[in-house]
Each structure stands twice: as C-alpha cells, then as structure tokens.
Peer 1: 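One structure follows; several queries about it will come next.
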Amino acid sequence: MSGFSFACERTAVRGMPIFLESSHALPVVDIALRIATGAEFDPEGLEGLARLTLKTLRMGPEGMSEQRTEDLLAGLGARLHVSTARRALRISGSVLTRHLEPFFELLSRMVLRPALRPADLARQRRETHAMLMAQLDDDDSLAARHVRKLALGDHPFARSLVGTPASLARVDVAKGRAFLAEHLRRGNLVFGFAGDITGAQAEDLVLRYFGDLPAGRTKRPTPSTPKQPRGRRVRVVDKPERTQTPMAFSTLGTHLTDPHLDGLIVANTVFGGTFASRLNGELRTKRGFTYGASSSLGRAEKRELWSMQSAPEAEHTLACARIHLELMERWVERGVSQRELGAAKRFLAGSYAFDVETPSKRLEIRLDRHGAGLDPDAFVKYPARMRAVTLQQANEALRARLSPDDMALVVVAEAEQVRDDLAKLPGVREVEVRPFTQPLD
C-alpha cells in the first residue's frame, strides 16, 4: 500500500466537474450526482426540507407513478438511491452498461422534472414521523443525538437533517419546488462515474441531459467555529426500566485542515478505534461492564466533536462513567506509547485497502473530498501519512485539541436512579433531566 496509485480522469462540461474511475472488468456503471446543497440550507423552522424534498423527488418524474418508475428501474437492471448530508444532496445508482443511457435519461427527468406530488410528499412525511418515533426506542441513538445537541448547542453542526414533527408539517410541495429551483444550477453539480464507461461517454451524457441548467452557484453559509462550554455537563435522558444505560461523552476535536489531524487519528485508534483499544479492553475485556466501548473523531470544515460511548448494565452506570473519564484524562495527559503507536499506524495503513478496493469506493472518496474543498486525489497518500506520524505528534495533538475537563455527557437511564450519583462525578457543573419523548431543542 505504500506506493499505490489509481488513475482518475477529471474533466468538466459547462462548469460541471466530472470524475471518472474507468474499469471494464464488469458490464456495470456506477453513477453519482452530488448537488452542493443540503440540510444547512433548510430555513429556520423548516428543518428537514432538503431531505423530504429529495426523498419525494426519488418517487418519480412528471408523468410517471412511483410504481412505474420502480418497474422501469427494475427492467433496466438498475438501482437508485438518495441521501442527504449537511453540505450536499447525493443521488447515486448503478446500471448495466447496455442500459446506461435510458437510466441516465430517467435520472435527469427525476432531478429536473420531478413529480413532487402532494400525496407522495405526505407519504414521505409519514415515514419520517415513523422513523423519528422509532428512534425513541433506540437508546444508543438517543444518547448520540442528545450529546451532540448538548455539546454544540445552537451551532449549525447540531441542526437536524431529518427535522421535527413541527418543522416537517410546514414543508409542502411549493417549498420543495422553490428549494430545487434555487439550487439546481450548473455550479452546484458534480458528477461521478465508475466502471464500464469512457470519458467521452460521460461528458456527452452530462452535456445533453444537464447542459441547459442555469449557470451559477449557491453561496454557502460559513459556520463559525463551535465553542466548548466550560466544565462537565450531564444530561440524563429519562427512560424508565432500563437494564442497560447507553452513555455518550463529547468534546471538541479537530477539523479537516488541522495540522494535528493525523496525530489525532492515530491516537484515537489507540484509545477507542479498534476492538483491541484501551477503552474496550478496560470496560469490556477486563471489567465486563459492557459489550463494547469505542471512540470516534468527527471531521468537518470547522472543529467537530470527538466522542466516546458504551452501554453498560444499569448497575455499573456510575462506575463505567467514572472509568471513561479517568481513562480519557490519563490518555490526554500521558499520551500513547511507542508500541501502541506502531500498532495503530500499521492497522490504519493496512486496513485502508478496504476503503479503496473498488472504483466506486474511490469515486465516493474523491467526490467527498472535492465537496469539502480538499485535493480529491490526495487520499492515495493516506497510508504514508499515517506511517509518518511520530509519537511526539500524536501526543502533542491530544494535548492541543482534547479537553477532558470540558465535556458533555449523556446517559439514557431512569433518572431517579442515576441523577444524584452522576452529579458526584469530578468536575460536573450541572445535571439536567429530559424525558426521552421530549424533542431536541
């Protein structure tokens, strides 16, 4: 992996970038359309607009029912998916090579002339409501969503992609059409193709089916750097009769262009990034408090959250929370060892092969990096970057970026059983209780 490289054709048609990862091993083409807009453009009080509009768009173009659209996709041997992120909408799919053009024509009709029927939107709203209700039964999800809100407060990074029942009720077809009209511009579109296709074919498809879109690019909002409130703050998501108590801890970490990023990636792998990590070894293997414990390092254009999480048995809630904090304090203060560093670097450099093993995976990485304003091709240097991290860089990164004293902690538990004990944790400034059914602010 030290010297691998992958050829990627890069071109543009009428200002629309095209990335191409050709491979003629199979008669299949993967296609990705990235629209440089997303949930960050949802107006205040209309959270979920981008996602709900995209989900409804997927149900078919003008003049075609959802069933007819699905039948046509099946007849073409094709799959089509949509997803919403904070900074982008993505439409992706795959199709047999011989049906490439009719598939791309259908995709263009769905994007440029979507039906957006009120009945379809109402159905997507109901499905989203059902998903929000199902999340109330997922204690791990509850902990993760609440700790993000507790740590980030009103910062845009904490806004919901999905929305709330109140905001979803305000979304209608007219608002969806207005959203698309504002953002469907050539400067917002990036195309990716992988598989059995040539550059000339890709350029021709994009020009013919999307070349008449208006020019221009939506001006992106520039989020401020999140601020970390001082001290340790605890929220108990009150849910009765818990035999396990999922918990999540978060503090500010790193960002995409941070000079400490690589050091933090390696150090986090040591602490909670693998099954053999310190965190999992102490809480699962040694003490048997939980089935697993891990930590993760978020990355965005501004500082994102570093988090750790586990789900101990209820009787071990306080002890587990205390050990989480003690382990983190020791990790930041004393750093990692040379042996741990070497093992983490070997793991990161070696396992990266699985992330880039197919043309479609490499295409996704390039599109994501391009959307973040990074060099789309620099991912090939990742294994070498990980191997180059020194012990000093890893340990300096910990001390420079992570603050064990300034944490948000969320526990999903029966409040009266844990509230007073959690207040006794060192450095805790406040403990608040929220019913698990209460929507996030």
Side-chain angles (χ1 to χ4, degrees), residues 16 31-70 72-73 79-93 104-133 135 156-191 209-210 212-214 216-221 367-368 371 439:
M16 295 177 285
I31 299 170
L33 166 58
R34 186 184 188 278
I35 306 172
T37 182
E40 68 181 2
F41 286 99
D42 288 346
E44 194 72 31
L46 285 174
E47 291 80 5
L49 170 63
R51 179 183 177 277
L52 198 59
T53 299
L54 186 65
K55 297 282 284 184
T56 307
L57 175 151
R58 170 62 181 80
M59 298 177 76
E62 290 178 349
M64 290 182 63
S65 67
E66 181 191 13
Q67 186 60 57
R68 172 61 183 144
T69 301
E70 295 304 321
L72 181 54
L73 286 169
R79 295 177 295 180
L80 188 64
H81 311 282
V82 298
S83 61
T84 303
R86 183 176 59 84
R87 290 175 56 89
L89 306 180
R90 186 182 294 253
I91 304 169
S92 57
F104 199 81
E105 188 269 342
L106 175 61
L107 182 151
S108 71
R109 288 173 57 199
M110 294 174 72
V111 173
L112 303 179
R113 298 189 298 279
L116 291 187
R117 292 172 285 260
D120 290 345
L121 187 142
R123 174 181 155 189
Q124 290 299 329
R125 185 187 291 114
R126 290 193 299 271
E127 291 183 359
T128 303
H129 283 164
M131 183 185 72
L132 290 172
M133 293 301 296
Q135 287 179 345
F157 284 5
R159 292 188 78 198
S160 171
L161 305 182
V162 177
T164 66
S167 68
L168 294 172
R170 302 185 188 103
V171 176
D172 57 26
V173 166
K175 292 183 178 69
R177 291 194 183 280
F179 183 89
L180 292 174
E182 178 182 359
H183 298 293
L184 283 176
R185 300 179 175 276
R186 295 199 305 272
N188 287 337
L189 270 56
V190 180
F191 290 87
Y209 288 103
F210 289 88
D212 291 335
L213 274 172
R217 177 179 300 175
T218 306
K219 180 176 174 56
R220 306 202 73 94
L367 291 177
D368 287 342

Peer 1: Is Ser92 close to Leu33 at the side-chain level, that is, under 4.5 Å between some pair of heavy atoms?
Peer 2: no
Peer 1: Enumerate the ring-ring contact (aromatic ring centres under 6.0 Å, His included) contacts for residues 165-189, please, sequence neighbours excluded, ordered by first and then second residue.
Peer 2: Phe41-His183, Phe179-His183
Peer 1: Of all heavy-atom pairs between Leu116 and Gly176, which one has the smallest distance, and what is that distance?
Peer 2: CD1-C, 4.3 Å
Peer 1: Just how far is it from atom OG1 of Thr53 to atom CG of Leu89, taken to the nearest 0.5 Å?
Peer 2: 8.5 Å
Peer 1: Are the side chains of Met110 and Leu80 in touch, meaning some heavy atoms are under 4.5 Å apart?
Peer 2: yes
Peer 1: Could you tell me whether the side chain of Leu184 reaches within less than 4.5 Å of the side chain of Ile35, counting heavy atoms only?
Peer 2: yes
Peer 1: Does some side-chain heavy atom of Val173 sit less than 4.5 Å from a side-chain heavy atom of Pro118?
Peer 2: yes
Peer 1: I'd like to know whether the aromatic ring centres of Phe191 and Tyr209 sit less than 6.0 Å apart in this structure.
Peer 2: no
Peer 1: Can you sort out the partners of Phe157 under ring-ring contact (aromatic ring centres under 6.0 Å, His included), two or more places apart, ordered by chain and number?
Peer 2: His155
Peer 1: Between Ile91 and His81, is any pair of side-chain heavy atoms under 4.5 Å apart?
Peer 2: no
Peer 1: Between Arg117 and Glu66, does any NZ, NE, NH1 or NH2 come within less than 4.0 Å of an OD or OE carboxylate oxygen?
Peer 2: no
Peer 1: Closer than 4.0 angstrom, basic N to acidic O: yes or no for Glu182 and Arg177?
Peer 2: no
Peer 1: Of all residues at least two apart in sequence or in a different chain, which pass the side-chain contact (heavy atoms from CB on, under 4.5 Å) check with Ala88?
Peer 2: Arg34
Peer 1: Do NZ/NE/NH1/NH2 and the carboxylate oxygens of Glu40 and Arg220 come within less than 4.0 Å?
Peer 2: yes
Peer 1: How far does CD of Glu47 sit from CG of Leu52, to the nearest 0.5 angstrom?
Peer 2: 13.0 Å
Peer 1: Got Thr37 and Asn188 here, is their nearest side-chain heavy-atom distance under 4.5 Å?
Peer 2: no
Peer 1: So, the side chain of Arg86 versus the backbone of Leu161: is there a donor-acceptor pair under 3.5 Å, distance only?
Peer 2: no
Peer 1: For the atom pair CZ (Arg87) and CG (Asp368), what is the distance rounded to the nearest 0.5 Å?
Peer 2: 11.0 Å
Peer 1: Could you go through Leu72 and Met64, starting from their C-alpha distance and side-chain angles, then the distance that decides it, and tell me whether this counts as side chain to side chain contact (heavy atoms under 4.5 Å, CB included)?
Peer 2: CA-CA 10 Å; Leu72 181 54; Met64 290 182 63; 3.9 Å; yes
Peer 1: Quick one about Thr128 and Arg51 (side-chain donor to acceptor, distance below 3.5 Å, no hydrogens or angles considered), yes or no?
Peer 2: yes
Peer 1: Is it the case that the side chain of Arg170 and the backbone of Gly45 share a donor-acceptor pair, with hydrogens and angles ignored and the cut-off at 3.5 Å?
Peer 2: yes
Peer 1: Quick one: are Pro165 and His129 in side-chain contact, heavy atoms under 4.5 Å?
Peer 2: yes
Peer 1: Could you tell me whether the side chain of Leu132 reaches within less than 4.5 Å of the side chain of Leu168, counting heavy atoms only?
Peer 2: yes
Peer 1: Calculate, to the nearest 0.5 Å, the distance between atoms OG and CZ belonging to Ser65 and Arg68 respectively.
Peer 2: 8.0 Å
Peer 1: Search all heavy atoms of Ser83 against all heavy atoms of Leu54 and return the closest pair with its distance.
Peer 2: O-CD2, 3.4 Å
Peer 1: Using modelled atom types only, decide if a donor and an acceptor are shared between the side chain of Arg159 and the backbone of Asp42 within a distance under 3.5 Å.
Peer 2: yes
Peer 1: Check whether the side chains of Asp120 and Thr56 place a donor and an acceptor atom closer than 3.5 Å, and report yes or no.
Peer 2: no
Peer 1: Taking it one step at a time, do Met59 and Gln124 satisfy side chain to side chain contact (heavy atoms under 4.5 Å, CB included)?
Peer 2: CA-CA 10 Å; Met59 298 177 76; Gln124 290 299 329; 3.3 Å; yes
Peer 1: Please evaluate residues Asp172 and Lys175 with respect to the criterion side chain to side chain contact (heavy atoms under 4.5 Å, CB included), reporting the C-alpha separation (whole Å), side-chain torsions for both, the decisive distance (0.1 Å), and the verdict.
Peer 2: CA-CA 5 Å; Asp172 57 26; Lys175 292 183 178 69; 3.2 Å; yes
Peer 1: Pair Met131, Val162 - check side chain to side chain contact (heavy atoms under 4.5 Å, CB included), show working.
Peer 2: CA-CA 9 Å; Met131 183 185 72; Val162 177; 3.4 Å; yes
